[in-house]
Every structure is written in C-alpha cells, then in structure tokens.
Amino acid sequence: MPIELKLPDVGEGIAEGEVVRWLVAEGTAVTEDDPLVEILTDKANVEIPSPVTGTVVTILAAPGKVVKVGEPLALIEPAAGQGSPPKREGAPGGGVLATPVVRKLAKDLGVELGALAGSGPGGRVTEEDVRRAAAPSVPAGTLTESASGERIPFKGKRRMIARKMVAAKTRVPHALLVDEADVSGLLAERAKMRETGEREGVRITVLPFIMKAVAGALQRHPALNASLDEDRDAIVRKKTIDIGMAVDAEDGLVVPVVRNADGKSVIELAREIDRLSAAAREGTVAPGDLAGGTFTISSVGSIGGLFSYPIINVPEAAILAAHKIVTRPVVRNGEIVPREMMYLSLSFDHRIVDGGEATRFLNEVVRRIEASAI
C-alpha cells in the first residue's frame with residue numbers, strides 16, 4: 001500500500017514551502033534517503049529525501065505549488081521485504097555534482113548537466129560552466145513578451161521575499177535613525193591587517209569591522225538584540241549575538257547568520273563572512289546558517305549606495321545599513337580637512353525600542369568605528 005511523502009517540519013519555524021522541481025518522475029524506483037524533490041522555503045532551498053526504498057507512484061504537488069508542513073507531496077509504494085531494489089540510474093542530475101541554483105539554471109537554459117565537465121571543486125558543475133555551454137544556443141525570447149514588455153513569473157524566491165517584506169512593513173512600525181561615521185582610522189587599520197589576511201587566505205573588507213562594532217554595541221544595549229513574541233505578549237532579549245548579513249545573491253536576497261559575533265576577532269569575522277557569502281551566492285548555504293539571527297547588517301556601500309531605509313528582518317528589533325565611503329570636507333580642531341565618511345541608517349521596531357535607546361546604540365556603534373577600538 002502506498003505511503004504519503006509529506007512536507008516535513010524542517011525547523012526554524014518554517015510553515016510552508018514551494019515545490020521548485022521534482023528530481024524524479026512517476027514510476028521511478030528510489031532508495032531510502034534518495035533526494036526526491038526540491039522545496040523553496042523562506043530560508044533556503046532544501047531537498048526532501050525518500051523515507052523508504054520503493055517506487056514513486058503519484059506526484060501530488062506540481063512545481064510552483066505552495067505546500068504546508070504535513071501536506072502530501074507524493075505517494076510511494078514501498079519495496080517488498082526481500083530487500084531494496086538497486087539505486088536508480090536517474091539520480092538527480094545523473095550523479096553530477098551541482099547546487100540547486102546551478103541545476104535550475106541548466107534546466108532554464110536547456111543544458112544537459114551530464115554532458116558537462118565541472119570546473120569546480122571535486123568536479124562540481126558551476127554556473128559559469130552552464131552559461132558557457134548555453135552561450136551558443138540560448139534561444140531568444142525565453143521569457144514571455146508582449147507589446148507592453150516582458151513578463152517574468154512572480155514565484156519562487158522572489159515571491160518568498162515579497163511575502164516577508166510585506167509582513168515586515170505592515171506589521172512593524174518602522175522608525176529611522178541616521179548618523180555618519182568617520183572611517184578614516186578604520187581604513188588605516190584595515191590596510192595594516194591586509195598582510196595578515198593574505199597570509200591566512202582571508203579577504204579583509206570593511207564589513208567585519210562594522211560587525212565587530214555592532215556586536216560590541218549590542219552588548220551594551222541589549223534592547224536592540226531582541227524580538228517581540230506577539231503570541232505571548234513578551235519582548236525576548238537574546239542571550240547570544242548572532243548577526244545576519246544581507247547578501248545580494250543572483251536569484252534574490254539571502255541573509256546568512258554569523259554566530260556569536262561578539263566573541264570573534266576581525267579576522268575570524270572576515271573568514272566567516274567570506275564562507276557564508278560564497279555559499280549564499282552559490283545556493284549552497286545550509287538552512288541552519290539562515291535562521292536564528294538577532295540583528296541584521298545590510299552593507300549597501302559595497303554596491304555603491306549613499307543612503308537607504310532598510311526594512312527590518314522580522315522578528316528582529318532592528319537592522320543597520322552601512323553605505324558607501326565618500327571623501328568629504330569636515331571640521332577637525334577648527335580646520336576643514338578631508339576625511340573618509342560613511343552614512344549609517346538604523347531602522348528599528350518602535351514597539352520594542354524607543355528613540356532614545358536607539359540613538360544611544362547608534363552613538364556607540366559610531367564611537368567604536370571611529371576609535372577603531374574594536
């Protein structure tokens with residue numbers, strides 16, 4: 001008798017997911033733990049494995065369908081008790097090593113993964129491999145076009161991001177606070193540390209310095225390291241400082257989390273930022289690295305933005321945006337001198353944090369950045 005493959009509880013408060021694509025077809029023989037379907041949650045792409053050895057009888061949820069935790073995805077006929085059938089030939093991608101993002105790109109561009117020689121670690125097929133193979137033969141007009149312009153399906157990660165943004169802006173009373181920091185000393189300190197970074201294989205950017213300053217400020221102002229439990233009418237002040245960082249990935253915004261940021265050095269933060277950023281852009285970041293943040297930093301300046309009004313990553317209490325560094329004339333000791341300046345904008349949940357506390361927190365962030373005592 002067939003059993004139901006249900007969307008499992010993957011943790012971190014995820015209640016539903018969207019079916020991205022099936023890795024098997026009806027009638028396919030599967031072995032226990034074989035990946036069957038790719039699901040997009042508001043945290044990450046996850047592959048759901050087969051709970052038993054058997055045959056996929058019926059697929060119940062087509063790609064694009066949003067399924068709640070506990071709802072059936074497919075029916076599987078377990079194998080007879082004589083033992084498990086041999087592992088099927090059609091393993092995802094024909095046994096090719098590739099991330100979900102790369103697999104989707106190959107499908108969209110009509111590239112057969114099994115025909116490619118991967119240039120990544122261990123023979124992994126990369127996005128560049130797929131695009132290079134597709135370059136001579138990508139058909140024009142892949143997207144639907146009309147007289148008014150092209151129409152792009154509003155689904156997948158884009159739809160998930162939209163839901164989170166709407167929830168944040170409609171549920172949370174955002175307040176905005178702006179200040180600026182003189183980062184001349186920070187840049188000088190970064191220049192000194194670059195040799196150490198090169199020796200240890202770590203790229204030293206401005207972000208780990210800012211993250212270290214924010215972590216120190218959160219220790220002194222725990223009201224910003226909190227969330228609101230609306231179901232229980234309680235403000236929850238977090239015991240750890242786990243800072244999320246907004247990553248501009250190709251298929252949408254991703255926010256991996258640096259754990260225990262207050263206990264890490266600038267070098268350690270830089271190494272973790274490098275690791276998580278690379279995984280986010282490759283689509284390989286683990287679901288556990290995308291959940292449980294207590295505060296978020298958006299480094300808009302790495303792209304070139306001068307000023308922004310960031311949206312809070314609910315249920316967190318606040319988010320800080322760091323902008324591009326600009327040489328500007330400022331007054332120091334009664335004289336006008338050129339200094340490297342950066343705007344900082346803090347969006348905070350006014351239900352949890354008042355303006356005075358938010359200002360003191362941002363003052364502390366600025367002080368730590370300017371003193372380079374981080």
Side-chain angles (χ1 to χ4, degrees), residues 11-15 41-43 161 163-179 181 207-247 253-264 269 272-273 276 287-300 308-322 344-369 374:
E12 308 300 344
I14 292 172
T41 73
D42 61 357
K43 301 292 184 183
I161 293 173
R163 287 180 178 179
K164 291 197 70 174
M165 296 301 100
V166 170
K169 290 296 286 186
T170 55
R171 284 171 42 202
V172 177
H174 281 57
L176 177 67
L177 181 63
V178 179
D179 207 334
L207 181 55
F209 290 89
I210 295 174
M211 188 174 288
K212 187 67 175 175
V214 167
L218 287 172
Q219 286 181 309
R220 300 192 62 173
H221 300 276
L224 279 292
N225 195 54
S227 64
L228 179 61
D229 186 340
E230 297 181 69
D231 294 332
R232 295 178 175 81
D233 290 327
I235 294 174
V236 182
R237 291 196 174 179
K238 308 297 183 177
K239 294 182 178 179
T240 59
I241 295 176
D242 303 320
I243 300 180
M245 55 175 188
V247 177
L253 180 68
V254 184
V255 187
V257 178
V258 176
R259 308 290 175 190
N260 301 307
D262 54 319
K264 289 181 169 63
L269 288 173
E272 189 68 353
I273 288 169
L276 291 171
D289 284 332
L290 293 168
T294 63
F295 189 95
T296 296
I297 297 174
S298 177
S299 185
V300 184
S308 68
Y309 186 175
I311 298 177
I312 297 168
N313 188 16
V314 291
E316 296 168 14
I319 180 173
L320 180 78
L344 299 169
S345 55
L346 177 74
S347 294
F348 59 95
D349 185 341
H350 219 318
R351 299 172 301 174
I352 305 175
V353 181
D354 290 328
E357 183 65 6
T359 302
R360 286 187 284 273
F361 166 76
L362 191 52
N363 286 345
E364 180 68 13
V365 173
V366 171
R367 184 191 72 77
R368 287 172 174 267
I369 288 175
I374 47 181

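Hydrogens, waters and symmetry mates are skipped; everything else that's a heavy atom, side chains included, is used.
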Determine whether Ile311 and Val172 satisfy the following criterion, side chain to side chain contact (heavy atoms under 4.5 Å, CB included), listing intermediate values before the conclusion.
CA-CA 10 Å; Ile311 298 177; Val172 177; over 6 Å; no

Side-chain contact, heavy-atom cut-off 4.5 Å: Asp262 with Leu218?
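Not in contact.
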
Closest approach of Ser347 to His174 (non-hydrogen atoms, all atoms of both residues):
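Nearest heavy atoms, Ser347 then His174: CB-CD2, 4.3 Å.
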
Sequence neighbours excluded, which residues qualify as ring pair (Phe, Tyr, Trp, His ring centres under 6.0 Å) partners of His350?
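Partners of His350 by the ring pair (Phe, Tyr, Trp, His ring centres under 6.0 Å) criterion, ordered by chain and then number, come out as Phe348.
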
side-chain contact (heavy atoms from CB on, under 4.5 Å) partners of [X], counting only residues at least two apart:
| X | answer |
| --- | --- |
| Thr296 | Val255, Asn313, Glu316, Ile319 |
| Glu357 | His221, Ala223, Leu224, Val353, Arg360 |
| Ser308 | Val300, Pro310, Ala321, His323, Ser345 |
| Ile235 | Ala226, Leu228, Ile352 |

Using the test salt bridge (Lys or Arg N to Asp or Glu O under 4.0 Å), find all partners of [X] that sit at least two apart in sequence or belong to another chain.
| X | value |
| --- | --- |
| Asp229 | Arg232 |
| Glu364 | Arg220, Arg367, Arg368 |
| Arg351 | Glu230, Asp349 |

So, does Lys212 use its side chain to make a donor-acceptor pair with the main chain of Lys264 at under 3.5 Å?
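Side chain of Lys212 to backbone of Lys264, a donor-acceptor pair under 3.5 Å: yes, one is there.
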
Go through the steps for Leu276 and Val247 under the test side chain to side chain contact (heavy atoms under 4.5 Å, CB included), then give the verdict.
CA-CA 9 Å; Leu276 291 171; Val247 177; over 6 Å; no

Regarding Asn260 and Thr240, is there a side-chain donor-to-acceptor distance under 3.5 Å anywhere?
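No pair is found: no donor N or O on one side chain lies under 3.5 Å from an acceptor on the other.
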
Does Ser298 have any side chain to side chain donor-acceptor pair (under 3.5 Å) partners at least two apart in sequence or in another chain, and if so, which?
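Residues passing side chain to side chain donor-acceptor pair (under 3.5 Å) with Ser298: none at all.
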
Among all residues two or more places apart in sequence or in another chain, which pass the side chain to side chain donor-acceptor pair (under 3.5 Å) test with Ser227?
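Partners of Ser227 by the side chain to side chain donor-acceptor pair (under 3.5 Å) criterion, ordered by chain and then number, come out as Lys238.
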
Sorted by first residue and then second, give each salt bridge (Lys or Arg N to Asp or Glu O under 4.0 Å) pair with at least one member in residues 290-300; sequence neighbours left out.
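Qualifying pairs: none.
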
